[in-house]
Structures are given as C-alpha cells and as structure tokens.
Asks: 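There's a structure below that I have some questions on.
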Amino acid sequence: MSSLVSFEQVSIGHRRGEALLPPISWSIGRGDLIGVLGPNGSGKSTFLKTLLGLLPPLAGRVVHPQGRPPRLGYVPQSARPDFAYPLSVLQVVLMGRAAQLGLVRRPGHSDVAVARRQLEAVGLGALADQPFRSLSGGQQQRALVARALAAEPELLVLDEPTSEMDPAAEHALLSLVGSLTRSRDVGVIFVTHEISSAAGFGRGAVLVDRRAQYFEAGLATELITSERMSRLYGRPIEVRREGDRVLVWLAAHHEETR
Amino acid sequence: MSFWEARFLWQEPMLAAAIGAALLGYLGFFVVLRRIAFMSAALSQVSGLGVAVAFWVGSFAGVSPHEATPLWLSPGLYAFLFAAAGAGVMSLPSRSRRVTPESAVALAYLASSALVMVVLSSPRIAQEAHEVGDLLFGNAVTVSRDDLYELAVAAVVTLIAHGLFFKELLFSSFDADTARVSGVPVRRMGLLLHLTLALGVAVATRALGALPVFAFLVLPAGAALLFSERLKVVLVLSVVISVLCGTLGYYLSWTLSLPTGSLMVSLAALVWTAAGLKRLVDKLRRAA
C-alpha cells in the first residue's frame, strides 16, 4: 500500500502555541479507510489541519513519499458552507475542480463533465441545476462529497461531515463514501462523533485525546473496544461486534451531575 | 428649460451616478454575502478622513481645496490610501477572542467620523470647512470631471481584478476552509476584495456621498438575492437595480427638486422592500 502522507515525530498545535500531543509517527496510504475519534477539543481538528497542510508541524516532518502532496478532496463540517449563496448544485460541485484549474482559469466542458459524473455517482444527477440551498441536509452533504470527488483526490478527508445529521444519515453518507472510494484507490480519513460509524466503516482508527496526552493508531477492530472507548470519553461505553454490525452502548453515568 | 435641454448640466453627474451605482451594485454581491455591510460604511468614513487629511497637509503647502492639487496632495489619492489601509487592517484575522470583528469596524467608523471633524476644525482649514464637507462626502449633484475619471478607473480596475479572480473570490467567500485546502489563496483573495471595495468606496463616496454609497452596496444586492436563486441573474439584477436607482433618483431629484442622495437611497430601499414582499407572497402561496 503506497503511503500518501507520513508523519515523522510530528508535534501538532497552533502556530506559536504548545504541542497538543506527544510527537506522532503515523501514515496514511491509498486504500486506507480511517476513522478519527476523540472527545471535543481533543485535537482532532488540529491533527486534520496538519495532515491537510493548513498548519505546519511544530516539530518533526510531514513527508509526502510521492514527492508531492497528494491531491486532496475535502468535505468540511456540515455547517461550514454558507447557504445564502445563490449557487446551483453543479456550481458548488465545480468548485472541486479549483486545484486542477489553478488560479484564473475557468472550468470548461471537461470539468463540467467530471462534476456531472460525480453528481450521478452520489445519486444527485437529476438535481444538478437546482439551487444548492433548496436541497435537504443529507442531499447537501452528498453534493459536498461529489465536490470532493470532483477533485479526483488521492486522499479524501471528511471533517465531521455529519455533525448536524442524525446517525442514520451519517451511516448512509459514510457507506456511500466507502462504496465510492473502494474502486478508486483513494485513502480516506474521517472525523466522527459516532463510535459506531468509526467502527462500522473504518478499517483503521485513530484515537486522540489531548487531555490524556494520548494518540494511538491501528486497526479499528483492535482499537475500538469497550475499554479504550470508556477511557477516551471518560464514561462507561460498551462496544460489541456481531458479524458486520457494531453495537455501541453508552451506559448511564452514575456520578454525572447537571 | 426642460430636463433634456439642460443635459449639459446633468450629463456628468448622471454618468457618475450610473458608473458608481453599477460598480457598487456589483461589489454589493460580496458585501451582502460576506456580511461586511458595516465595514463598507466604515470605509466611507475612513476615506473621508483621508480627504480631510489631504486638505490639512495641503494647507501647509499653501494649496486651497478648490485649486488643482499636485498628485501627492490629491484628495482622491488620500481617500483611497486611507480606505485601503483601513481595509487592510480590517482584513487581518482576529487573533484575540476579545476583539470581535464588529467592534473593530465600529471603532474604525467612530474614530474616523470624529477625527474628520477634528481635522476640519483645525484653524489651518476652518474657513474652508463648509465646502470641504461637500468635497468629503459628495452630494451627487455636482460631480467634477476628475471624479468621473476616477470612477471609471475604479470600475475598470475592479472589472479586471474580479474578472480574473471571480472563481477564487466566490469559492473563498462561500467555503473558505475547502477553498484553502484546494490551494486557493483565501487570505489574499479577501485582501483583493477589500482593496477593490476600498477603491470603489473611496471614489464613489466623493462623487455620490456616503449614504448612497452604503445604500448601493447593500440594498440592490440584497434585493437581487431575494428575487433570484441564480448566480448570474443575481449579479446582473444587482447592477441593474443599482443603476436604475442611481439614475432615476438623479432624474427625480431634478424634476421634483428633492435631495439627490436621499432619493437614490429611498428608491433602493423601495426595491428591497418590494423584493421582500414578493418573497413573502411566494412563501405564503407555497404554504397555501
């Protein structure tokens, strides 16, 4: 499996700030499907921003074994795009071509063809010319996945794409991403609050907790366990696998005060 | 003398109103969607401060506001430089959670409005202050040939800059995070937008006045966004509404002998209200 991005003893954190976690050595390659879990404020976003090249490492090296950064597809947190803009679904998806086009150049016929193909792939082909803001929340998320795929990414990054969606919609979106990327030889990493999503869709997992100075990466089946999840979120959590299904319980917390 | 017979009197102001309104109507698209309406109002005041400072500096060189000034004392240049500096400062990312962007904008608005008065009250230029007030904030009635040229240059510069980078400006406004990941220089695009805005505001404020400038930056684009969901339609509509309010306002003020700037603003507000009502009716009809 060819590696796309490798962290060599990388300290992550905000510019001129302190390192949030102990130095990280980790890598992601084509075909990887990795879920990132951690409580709020655990450093998940900082980790992702460093991976995306939006934040420089405070120490250590971010290496691109191909000799260049991978082509990125990015699906932002669901509330990020501004829905006041008068854009059609196709116009939004065409933005995914920005990296290929570079500055100044406008999208041409081939870009429109790519965008339409991705919209077909996420099942929104018929809505290409509708206003983006008229779509339902789930459809908008799918359109944003199409936009990320229109970049023809080698690495697809989803930053809590479903933070305002119900678990069923989140599962639908992630299984769509899983099926769309399986045949494309793409590395996928997604941040989620749903343990069952990370366990159900991720082959790999990354657990992050700044307060405990904890970072661990490995196979989802080995990392997403009752014991580790309870430690990560600070409350009793039970994870059970039954065939393809992963069941997660959050036990009531006795000492919880409101 | 009929309106048409008097055209030698109104040709230039009318043309200035049309160019200024078109430029501001277009920029309004970004002003409204990026929610920086009050930043544009602050830039008007900051550019006014630039003009006042130009006169003040000119008084040392013995130049009166009514004479032709050398370029380094040109009020237009000072207006733009002040507005550009203001736009640059207001483009800086807020590092402190204690300074909200609005309060920084309010500071720029208040400080420059107050400083204009202080500078104009300086004994060096006090006797000119009355006329300077008009020169600072324009009156849309009398427009000099220079104002017209400056407006045309601002419009052409903005057209070129935005024509080249519209895709990037749109993407980074709509979804800055993803644009940054896609290699769009988001911070520089924000600066480009703010600088063209500063240019448009600085030049148009001197020709049309602060209130019409603020109105043309907010109301036509706001109305266009209520009328349509299509990008191109919104852009064209915003410019057309703006130009119509500018020219019609000028015509009506001539024929009805009412204040020009106020009529332009009232017309733009009327269009916005009509757009809002249409939207409301559409919604009710859909609900029924």
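The chains referred to below are lettered A, B, ... by the order of the sequence lines, with proteins before strands, and numbering in each begins at 1.
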Asks: What part of B:Phe165 is in contact with chain A, defined as an atom under 4.5 angstrom from a non-hydrogen atom: side chain, backbone, both or neither?
Replies: side chain
Asks: Measure distances from A:Gln91 to the heavy atoms of chain B and classify the residue's part below 4.5 Å as side chain, backbone, both or neither.
Replies: side chain
Asks: Which atoms of B:Arg34 come close to chain A, meaning under 4.5 Å heavy atom to heavy atom: side chain ones, backbone ones, both, or neither?
Replies: both
Asks: Heavy-atom distances under 4.5 Å only: say whether B:Glu229 touches chain A with side chain, backbone, both or neither.
Replies: both
Asks: Work out which heavy atom in A:Gly102 is nearest to a heavy atom in B:Lys167; give both atom names and the distance.
Replies: O-NZ, 2.7 Å
Asks: Would you say OH of B:Tyr149 has more than 12 non-hydrogen atoms from neighbouring residues, nucleotides or ligands within 6.0 angstrom?
Replies: no
Asks: Indicate whether the side chain of A:Arg97 and that of B:Ser182 have a donor and an acceptor atom separated by less than 3.5 Å.
Replies: no
Asks: Let's test your reading of the structure: which of A:Val92, A:Leu72, A:Leu103, A:Leu52 forms the most heavy-atom pairs below 4.5 Å with chain B?
Replies: A:Leu103
Asks: Write down the atom of A:Arg147, the atom of B:Phe171, and the distance for their closest heavy-atom approach.
Replies: NH1-CE1, 3.7 Å
Asks: Identify the heavy atoms of B:Glu168 and A:Val104 that sit nearest to each other, and give their distance.
Replies: OE2-N, 3.0 Å
Asks: Using heavy-atom distances under 4.5 Å, tell me whether B:Ser173 contacts chain A through its side chain, its backbone, both, or neither.
Replies: both
Asks: Between OH of A:Tyr74 and OG1 of B:Thr178, what distance do you get to the nearest 0.5 Å?
Replies: 6.0 Å
Asks: When only pairs under 4.5 Å are counted, which of B:Leu235, B:Leu225, B:Leu164, B:Val181 shares the most heavy-atom pairs with chain A?
Replies: B:Val181
Asks: Looking at A:Arg106 and B:Gly163, what are the two nearest heavy atoms and their distance?
Replies: NH2-O, 2.7 Å
